[in-house]
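Working notes, structure below.
Every chain is numbered from 1 and lettered A, B, ... according to where its sequence line falls, protein lines coming before strand lines. As a basis for the values below, the full set of heavy atoms in this structure was taken, side chains included, without hydrogen atoms, waters or symmetry mates.
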Amino acid sequence: MRFLDTFFDGAVMAKYLPDLLSAIVTTLWLSAIIVVGGLALGLVLACLRTLGRWYLTLPIVAFADIGRALPPLVVILIFYFGLPGLGINLSGPMVLILVLGGVLAAFAEEIFWAGLTAVSKGQWEAGRATGLSFAQTLFEIALPQAIRMGIPPLVNRALAITKMTALGSVIGVKEILAVSSSAQSFSGSATPLTMAALAYLAIFLPVVILSRLLERRYAWAV
Amino acid sequence: MLEINQLEKSFGDTQVLTSIDLSVKPGELVFVIGPSGSGKSTMLRCCNRLEEPTSGSILLDGEHVTACHGAALDKMRLKIGMVFQGFHLYPHKSVLANVMLAQVKALKRSKPEAKARAMEMLEHVGLAHKADAMPSELSGGQQQRVAIARALALDPKVMLFDEPTSALDPELVGSVLKVMKQLRDEGMTMVVVSHEMDFAREAADRVVFMDGGVVVEAGTPEEIFGNPKSERLRAFLSRLHPSDA
């Protein structure tokens, strides 16, 4: 009974459910923007890198390496507490989107790039020899293969990044962890945290399962 | 039809092709032989600029292949079909989509038109029934025939074959050579780099022997195989058929 009272207190659940539901919505739209924006930016950067111009490659590699090396929390704190000193005031959600989207883009760029370099030179030659332009060969031949190779690591990375929306709790973003941990303080019960864990499962477990289906669908024997 | 003039190619300090002259007439099948590392493939790949020649010129029907850039080069490549040792079919596309892709994207044919042409070409290489298969489901010989269909569908003026049967199991070689023979009989202009000497004897109009980046000897198959003049060609042929020597 003590276990149930601690983690599954019905009265506490009922009280904080509306708050938590709106927090779930916040987490969802933040995650959606971060994933779509981060993957799109990573894809664009990887494509630009194929052009092989040092003035493009150098900043892209620097961005990818720094983005992957820095702990996101550090950057979030710098953006949120540091930038106002320069007169740049970004809202909590905005900081979260910029930083996590940027970090995802850094990882995604590397994953797409790894996929592109794994596509054999012969594929490029076959495309170019049949009169396709560089861009057509990239988009019709190399990129589809690179993306399929990248799906498993991309899904893992996107999941890892979206879970980091919980870092929004340190800069006042009303996402799942912030709302449930303040509810925990007010109620003195761990139940809101249980609800948070369940909410995260409800959001991410279907994504994980979906990604498995996607991997199977896109797998092809070579 | 295809004219190679004073073609030179070096990779860094290594000169791989020296003053290559070769003229291919319409409907002619020119067969290029020579030891590995002799520059045969490099010469072929210079013809559609997969390799950039260091100097010299290549003309197709009087048009400078070597002077083209960007979109003009892409257009020129449509007229030059190429078949690779490693097939290089697109693994994420069906056989039909492989043969349609460049027709639609580069030749700007409508999809129905491209599909009709693709089916016609697949029929031609005996693989119309595999149109919906993925490349990985085909044998090497079938993949190479699809690659030939993919090149032919663009209505090229000349076809380049870069060791088309070297990656195939011996029992699959015949099916590819049969398609090439058939192409030759239809009057396609072809340049073939290969080690299939029996095929050269049977189907080639002219055989070119390269060694060390130069054309050492050229002539009819009878001249090259029956009466080799240069010591290097004699040595090469005797290495191929030690028992005949």
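- The neighbour count for B/Glu123 CD, taken as heavy atoms of other residues, nucleotides or ligands under 6.0 Å away, does not exceed 12.
- Proximity to chain A among residues 53-85 of chain B is limited to B/Asp74, B/Arg77, B/Leu78, B/Ile80, B/Met82, B/Phe84, judged by heavy-atom separations below 4.5 angstrom.
- Inter-residue side-chain proximity for A/Leu132 and B/Leu101 is flagged as met; some heavy-atom pair is nearer than 4.5 Å.
- The choice from A/Ser120, A/Ser133, A/Gly131 that makes the most heavy-atom pairs within less than 4.5 Å of chain B is A/Gly131.
- Heavy-atom neighbours of chain A within the stretch residues 147-171 of chain B, taken at a separation under 4.5 angstrom, comprise B/Arg150, B/Leu154.
- A/Pro144 is not listed as a side-chain neighbour of B/Lys93, based on a closest heavy-atom distance of 4.5 Å or more.
- Nearest approach of A/Gln123 to B/Leu89, heavy atoms of both residues: NE2-O, 2.8 Å.
- Atom CZ of A/Arg212 has 12 or fewer neighbouring heavy atoms from other residues, nucleotides or ligands inside a 6.0 Å radius.
- Atom CD of residue A/Glu140 and atom NZ of residue B/Lys105 lie 4.0 Å apart, to the nearest 0.5 angstrom.
- Not a single ring-ring contact (aromatic ring centres under 6.0 Å, His included) links A/Phe81 to another residue, sequence neighbours left out.
- For the set B/Arg49, B/Arg45, B/His88, B/Glu137, the count of heavy-atom pairs under 4.5 angstrom toward chain A peaks at B/His88.
- Evaluation of the ring-ring contact (aromatic ring centres under 6.0 Å, His included) rule for A/Phe134 yields A/Trp124 as partners, not counting sequence neighbours.
- Only the side chain of A/Gln136 comes within contact range of chain B, with at least one heavy atom under 4.5 Å from a heavy atom of that chain.
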